[in-house]
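Only one structure is covered here, and it is reproduced in the block below.
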Amino acid sequence: MSLVDLIEGIMRGGAASLCIVMIVQIFAPRPVTWPAIYGALFFLGAAIYSVVALPTVVEAIGPWMIPFKTIGIASPAFFWLFVRALHDDNYQFRWIDAAAPLTLSLLFLSCVPFPAFKGVSMWINIALVTGLMVHTIYVVRCCMTNDLVTARRHVAKTMAWLIPIVSLAIVGVETVEVANMRLATEGGAPTSLRLATAVLLLAVAIVLTTSLSSLRKTLLPTGEETHPAAVGAAQIEGPLSAADRIDLGRIRDLMEDGGYLAPGLSIGELAQQLGLPEHRLRKLINGALGYRNFAAFVNDYRVSEAKRRLAQPDLVHTQITSLAFDLGYGSLAPFNRAFRERTGVSPSEFREQVFGSG
């Protein structure tokens, strides 16, 4: 074993070891939740991806190389699912969620019987991973805007700079691996490129583990707090003050007068209409009304009004899309999702239930 091989092995092994440490921290002593599962799968995939290119590892695992690398290739998709599940209070696994990791894995597996497809497959992989990371950043930005839980908003601020760094690193590693693969066919990748890849993997592992270790109690709470949304849910202790009751009354009056119908209503706009500081409005909606997300607060009013309109005989011919726009939604999909979450059926199914017996 050459000195370069030894240095590369130490750095890649160090990255893998840090990932294993994070898996232990995620599950000890926390309950098994979807964020924990996705986080563990991401770090497992990252650990495998870190060492699977080492010749000694390839020799040791032999025929297990393909299934191990399949998990490693899917790690960016598990990271995407991890962040989504963390920031969605109503997250439930759907089979469509398996599409991203399966697609990345199938791209790799397709190269086994068709080696000539390897180069194209890797570039498609990079494009998909880039798209997933862009959406991951979008999810965190939305959390910073809509989340009412102080602890989670602090986490989102950290994740806001952490995720772009990790995203760039993941795409960078994928790109370097493509270069390594091509150069390997021409006699092997240069020493500098091999070491650069190993350094990048170790750097990403260090940034992730140090950042997420300090946030894990908020991200993945212990005991009865089975979801990160539970952290910081109560921000007003004891009985409400006179000022709190007056401001809550103003909030309810404005919303009941149709304030929720404004398209794209944000908490900043609502605070401006009420003449309240935004932080106070967040505290009242979260601590006094029990909402953890501003969108959930607005959607409750919108869905309640939607049910009323869907049950009106004179509006039976109104299209669901038109109703969604009238209620302040920018498109049909978020309306359908919010309605189904609260009623268990779609708007059209609800209407049929109301008038079906007639």
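Quantities reported herein were computed from a predicted structural model and do not represent experimental measurements.
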Q: Specify whether Tyr301 and Phe297 have parallel, tilted or perpendicular ring planes, treating 30° as the upper limit for parallel and 60° as the lower limit for perpendicular.
A: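 Perpendicular.
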
Q.
Please verify the inter-ring angle class for Phe93 with Trp95; under 30° counts as parallel, over 60° as perpendicular, anything in between as tilted.
A.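 The arrangement is perpendicular - the two ring planes meet at more than 60°.
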
Counting distance only, does the side-chain N/O of [X] pair as donor-acceptor with the main-chain N or O of [Y] below 3.5 Å?
{"X": "Arg302", "Y": "Leu327", "result": "yes"}
{"X": "Thr210", "Y": "Val207", "result": "yes"}
{"X": "Arg340", "Y": "Val345", "result": "no"}
{"X": "Ser121", "Y": "Leu107", "result": "yes"}
{"X": "Ser322", "Y": "Thr318", "result": "no"}
{"X": "Arg292", "Y": "Asn286", "result": "no"}

**Q.** More than 12 heavy atoms from other groups under 6.0 Å of CD on Glu341
**A.**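 Yes, CD of Glu341 has more than 12 neighbouring heavy atoms, counting only those of other groups under 6.0 Å.
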
Q.
Looking at Arg280, I'd like to know if its CZ atom is crowded, meaning that more than 12 non-hydrogen atoms belonging to other residues, nucleotides or ligands lie closer than 6.0 Å.
A.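 Above 12, so yes.
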
Q | Common cluster, Leu81/Tyr138, ILVMFWY with side-chain heavy-atom separation under 4.5 Å | A |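 Different clusters.
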
Q) Are Ile124 and Val112 joined in one hydrophobic group, where the rule is that I, L, V, M, F, W and Y side chains link up if heavy atoms are under 4.5 Å apart? A)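 Yes, it is one cluster - the side chains of Ile124 and Val112 are joined through contacts under 4.5 Å.
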
Q: Find out whether Thr209 and Val21 are in side-chain contact, i.e. whether some heavy atom of one side chain is under 4.5 Å from a heavy atom of the other.
A: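 A side-chain contact is absent here, since even the closest heavy-atom pair is not under 4.5 Å.
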
Q | Side-chain touch Asp300/Tyr291, heavy atoms, less than 4.5 angstrom | A |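 Side chain of Asp300 against side chain of Tyr291, heavy atoms only: contact under 4.5 Å found.
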
Q) Under 6.0 Å between the ring centres of Phe42 and Phe79? A)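 Yes, close enough.
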
Q) How would you list, by chain and number, every residue that makes a salt bridge (charged side-chain N to carboxylate O under 4.0 Å, His left out) with Arg351, sequence neighbours excluded? A)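 Not a single residue meets the salt bridge (charged side-chain N to carboxylate O under 4.0 Å, His left out) criterion with Arg351.
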
Q) Please walk me through it: do Arg250 and Asp253 pass salt bridge (Lys or Arg N to Asp or Glu O under 4.0 Å)? A) CA-CA 5 Å; Arg250 293 174 59 209; Asp253 289 344; over 6 Å; no

Q: Not counting sequence neighbours, list each pair that qualifies as a side-chain hydrogen bond (donor to acceptor under 3.5 Å, both in side chains) and has a residue in residues 256-266.
A: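 Every candidate side-chain hydrogen bond (donor to acceptor under 3.5 Å, both in side chains) pair involving residues 256-266 fails, so no pair, neighbours aside, qualifies.
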
Q: Check whether the side chains of Asn299 and Tyr329 place a donor and an acceptor atom closer than 3.5 Å, and report yes or no.
A: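 Checked: Asn299/Tyr329 side chains pair up, N/O donor to acceptor below 3.5 Å.
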
